[in-house]
Amino acid sequence: MKKITFAFLFSTFSLFAQNSDADCDILLKINKLLQKEHYSPKPVDDSLSAYIFDELLNDLDPSRNIFLKSQTDSLSNTYRLQLDNLILKKDCSFLDNIKKIYKKSLARNKTILEKLNEQAIDFNIKDTIRFKDKNFNFYLKANEVEKAWNKKIRFEIFNDIAGKSKNLDSLKLNFSSLSQKSKKDIIENELCKINSSLSNDKSFEDNFYNIFSSYFDPHTNYFSDDTKSSFVSTLSKEKLSLGLEVGINEKNEIIVIEIDPNGPAFKTGRIKKGDQIVAISNQKETLEVSCSSLQSIATLISSELNTNITLTLKRNSGKSFKVNIEKQVLKDDQNTVYSFIVDRDIRVGYIKIPSFYSSFDGENNQGCAQDVAKETIKLIQDDIKGLIIDLTDNGGGSMEEAVKLAGLFIDRGPISIVVDNKKELSVINDPYKGVIYKGPIIIIINGNSASASEFFADIMQDYNRAVLIGSTSLGKATMQTILPLEKKDEHHFVKLTVSKFYRITGKSHQAIGVIPDVPIPTVYQDILQKESEFPTALKNDTLNSRIRFTPYVTNELIESLAHKSRERVAKDSYFNSIINLNAKIDSVIDKSNLEIPMTLDAIFKNQTSIINLSEEINNFAKDDLNLNVSNSEYNKSLLLLYPSLSEYNKIQLDNLRSNHYLNEAISIINDYKALRRNN
């Protein structure tokens, strides 16, 4: 017996040691790659140790209902300033130790929830709930865990019931039956999350590798083969796809909202709009939607390594059914450049660039810049007098495409300065002679415009080639590349920052964003996370640039146009309403000091205020300007050839007819034409 026990213990510790060696091996390879290739490598020291320790615990327990205070205090004393030394010594047993405590705490919570599931809950306990919008200290004591979970479940039940009807009296009348079902669903969902976390070891290590990488900067990330494939697929206008568009409804359920008639999901003949997706399987693993993260669901669906997907669906709360779908290559209309004609006083062209997608298979001409060129030519053929380029919510993509795009509208000359990881400077010049379009250009940006979008906007602003309107962009002036940890490694990758780009003036928008010539308020602009808010973001600095370039028009003309526009915007009732709406949003989001009683009345009142604000936002966005928006003559003929595109085309047209930023952009082009005539 003793021999068996000894052998068991020996084999167990050997297994942990092997895991530890493998974890450290990957971490050291990540560090070696980052030290060699990163734009601004950092030493593995106490600062890194404290960062990755804090981030790991925050990532594992964001709601502070898993770890006890005594556990985090002990872990902190042991590891917070020692992880760097342990990693360099190739001793990553700390990961197993933290994981063991984490899983032990999850198992404890599972037992408590199973116990709560069998007990009646007293909803008359006098208590309050406080909302916090940021990470707070670990506080749980061993003898308070059950009480804390009881409180959490009570709140979740109140909150769930409060959202079922706008009639509070009806909810009170049916509270007993509603609360029983709600309790069952909520506890089952919590248990599902715990079981998922207990069984998913890979995500624990992968998250740690990613946290380690993000210490170098927020855009440096560890990728498994799946996450790499998922990321790369977002940078292309054609990809392996199910042919489905999904969304989240008011119950936080994932619902099918569109089905591509040319896609594989439609061809099964079994899926309809409105179907709820309950589970997703790639034949190796299955994710229950209700207890999985949106990121893990998105990765499973979008990874091109997962060519065969089984969806478990439910229709009208009926029985669930399974549908197997084999992906096929489809054009992603939502990630593809498109254009329209707008007639209002004058005829202008509008081009939307959703992302700077590219072909990564060597076909260098198959990208967003070429598509913009095609759409611009179509618009020119329809005799436009100005061009509006919409970069709102464009998170970037291929920097090569951004360089090509700038070359379409800048005649010649330098367009940017790039500094690499050896701190060597190189000047990027316009890759093309001449311009595709000579008329006035307006560019619209917002807080989600990032990276390649900002790069292009910088160039157009410095050359006075366009007037920029909207809200300040994200503030990312760095470039990344994806590299394997080693040659021929097909499973482990790092997307790392390799260079930083500057404007030809020597200035940089890093951490401060591109500031538009005409600031126009946009909904949610105050709550969108900015680059400067990431703790490891690279700092803003300036180069001493002596590069000569010739602006297209004078600063005085740009300022005159901007001044007229700013005056209009200041008086515009729609834009002033956005300012008031943002103030309401900010007051709801900033709940750090909000404390409300744990009663149905109070929670109903709080939820009702949020629902009313949500409805106000939705109704606000539907304000119709009745702009005269139409397809170019060329695109009209394409729609006759491909009628399946008509439905999405109609949605795009309807959205633009009430676009106030487009309306203001047209006014600026009108001002430009008037000033040119008078000079």
Inter-residue atom distance Lys69.NZ - Leu140.CG, 0.5 Å rounding:
11.5 Å
According to side chain to side chain donor-acceptor pair (under 3.5 Å), who are the partners of Lys36, at least two apart in sequence or on a separate chain?
none
Taking side chain to side chain contact (heavy atoms under 4.5 Å, CB included) as the criterion, tell me which of Val323, Asn316, Val256 meets it with Asp275.
Val256
Any side-chain heavy atom of Ile101 within less than 4.5 Å of one from Leu60?
no
Start with the C-alpha distance between Leu581 and Val523, add both sets of side-chain angles, then the distance that settles side chain to side chain contact (heavy atoms under 4.5 Å, CB included), and finish with yes or no.
CA-CA 7 Å; Leu581 188 61; Val523 179; 4.2 Å; yes
Take Thr392 and Lys352 through the test side chain to side chain donor-acceptor pair (under 3.5 Å) and record every step on the way to the result.
CA-CA 8 Å; Thr392 57; Lys352 172 68 176 178; 3.1 Å; yes
Atom CG of Leu287 and atom CG of Leu300: how far apart are they, to the nearest 0.5 Å?
5.0 Å
Whether the side chain of Ser473 engages the backbone of Val514 through a donor-acceptor N/O pair (distance < 3.5 Å, no angle test) should be reported.
yes
Please check if atom OH in Tyr524 has more than 12 non-hydrogen atoms from other residues, nucleotides or ligands closer than 6.0 Å.
no
What is the minimum heavy-atom distance between Tyr39 and Ser499, and which atoms define it?
CD1-CA, 3.7 Å
With no hydrogens and no angle check, is any side-chain donor or acceptor of Arg270 less than 3.5 Å from a backbone partner on Asn324?
no
Scanning both residues in full, the closest heavy-atom pair of Ala402 with Phe455 reads CB-CD2, 3.7 Å
Does one side chain, of Asn221 or Ser213, offer a donor that lies under 3.5 Å from an acceptor on the other?
no
Within a 6.0 Å radius of atom CD on Gln295, are there more than 12 heavy atoms belonging to other residues, nucleotides or ligands?
no
When rounded to the nearest 0.5 Å, the distance separating OG of Ser320 from CD1 of Ile277 is 13.0 Å
Min side-chain heavy-atom separation Lys151-Arg154 under 4.5 Å
yes
Rounded to the nearest 0.5 Å, what separation is found between the CG atom of Leu235 and the SG atom of Cys368?
11.0 Å
Just to verify, which of Asn448, Asn394, Asp393 counts as forming a side-chain hydrogen bond (donor to acceptor under 3.5 Å, both in side chains) with Ser453?
Asn394
Do Glu253 and Val289 come within less than 4.5 Å of each other through their side chains, counting heavy atoms only?
no
Determine, step by step, whether Thr286 and Glu288 satisfy the side chain to side chain donor-acceptor pair (under 3.5 Å) criterion, reporting the C-alpha distance in whole Å, the side-chain angles of both residues, the deciding distance to 0.1 Å, and the verdict.
CA-CA 7 Å; Thr286 299; Glu288 299 291 333; over 6 Å; no
Matching residue for Phe208 among Tyr222, Phe53, Phe94 - test: ring pair (Phe, Tyr, Trp, His ring centres under 6.0 Å)
Phe94
Chi angles and distances behind the side chain to side chain contact (heavy atoms under 4.5 Å, CB included) call for Glu258, Lys273:
CA-CA 6 Å; Glu258 291 292 340; Lys273 286 185 185 181; 3.5 Å; yes
Looking at Val494 and Thr220, what are the two nearest heavy atoms and their distance?
CG1-CG2, 4.0 Å
Applying salt bridge (Lys or Arg N to Asp or Glu O under 4.0 Å), name anything that partners Glu156, two or more places apart in sequence or on another chain.
Lys152
Using a strict 4.0 Å threshold on nitrogen-to-oxygen distance, state whether Glu304 and Lys239 make a salt bridge.
no
Intermediate values then yes/no, side chain to side chain donor-acceptor pair (under 3.5 Å), Asp226 and Ser303:
CA-CA 6 Å; Asp226 264 340; Ser303 171; 2.9 Å; yes
For Asn655 and Ile651, indicate whether the former's side chain and the latter's backbone hold a donor-acceptor pair under 3.5 Å.
yes
Side chain to side chain, Phe138 and Gln71, heavy atoms closer than 4.5 Å
no
Please verify the inter-ring angle class for Tyr51 with Tyr215; under 30° counts as parallel, over 60° as perpendicular, anything in between as tilted.
tilted
What I want to find out is whether Glu205 reaches Lys99 closely enough, with some N-O distance under 4.0 Å, to be called a salt bridge.
yes
Where do Ile280 and Leu311 land on the side chain to side chain contact (heavy atoms under 4.5 Å, CB included) test, with the steps shown first?
CA-CA 5 Å; Ile280 304 163; Leu311 298 180; 3.9 Å; yes
Is the gap between the ring centers of Phe231 and Phe493 under 6.0 Å?
no
Using the side chain to side chain contact (heavy atoms under 4.5 Å, CB included) rule, pick out the option among His509, Gln510, Glu531 that qualifies with Glu454.
His509
When Thr227 is tested against each of Ser230, Ser224, Ser229 for side-chain hydrogen bond (donor to acceptor under 3.5 Å, both in side chains), which residue passes?
Ser224
With sequence neighbours left out, the residues meeting salt bridge (Lys or Arg N to Asp or Glu O under 4.0 Å) with Lys193 are none
Does a sphere of radius 6.0 Å around CD in Glu615 hold more than 12 heavy atoms from other residues, nucleotides or ligands, not counting ones at 6.0 Å or beyond?
yes
How long is the straight-line distance from OG of Ser292 back to CD of Glu285, given to the nearest 0.5 Å?
8.5 Å
Grab the two heavy atoms, one from Lys110 and one from Ile194, that are nearest each other, plus how far apart they are.
N-CD1, 3.9 Å
Check Ser63 against Phe136 and note the closest heavy-atom contact, atom names and distance.
O-CZ, 3.8 Å
Among Ile187, Ile186, Ile603, which one satisfies side chain to side chain contact (heavy atoms under 4.5 Å, CB included) with Ile157?
Ile186
Taken to the nearest 0.5 Å, the spacing of Asn117 CG from Glu190 CD works out to 11.5 Å
Can you tell if the side chain of Leu68 reaches within under 4.5 Å of the side chain of Arg108, non-hydrogen atoms only?
yes
Ser214 side chain reached by Phe534 side chain, heavy atoms, under 4.5 Å
no
Evaluate the criterion side chain to side chain donor-acceptor pair (under 3.5 Å) for residue pair Thr522 and Asn446; output intermediate values, then yes/no.
CA-CA 7 Å; Thr522 54; Asn446 68 357; 5.5 Å; no
Check whether any side-chain heavy atom of Val588 lies under 4.5 Å from a side-chain heavy atom of Ser609, and answer yes or no.
no
Using a 6.0 Å distance limit plus a 45 degree cone around the ring axis, check whether Arg64 lies over the aromatic ring of Tyr139.
no
Side chains of Asn282 and Asn308 in contact at under 4.5 Å (non-hydrogen atoms)
no
Is any side-chain N of the basic residue among Lys100 and Asp96 closer than 4.0 Å to the acidic one's carboxylate O?
no
Does the side chain to side chain contact (heavy atoms under 4.5 Å, CB included) test come out yes or no for Leu496 and Phe216, once each step is laid out?
CA-CA 9 Å; Leu496 72 157; Phe216 291 79; over 6 Å; no
Looking only at heavy atoms, the pair that brings Leu86 and Cys24 closest together is O-SG, 4.5 Å
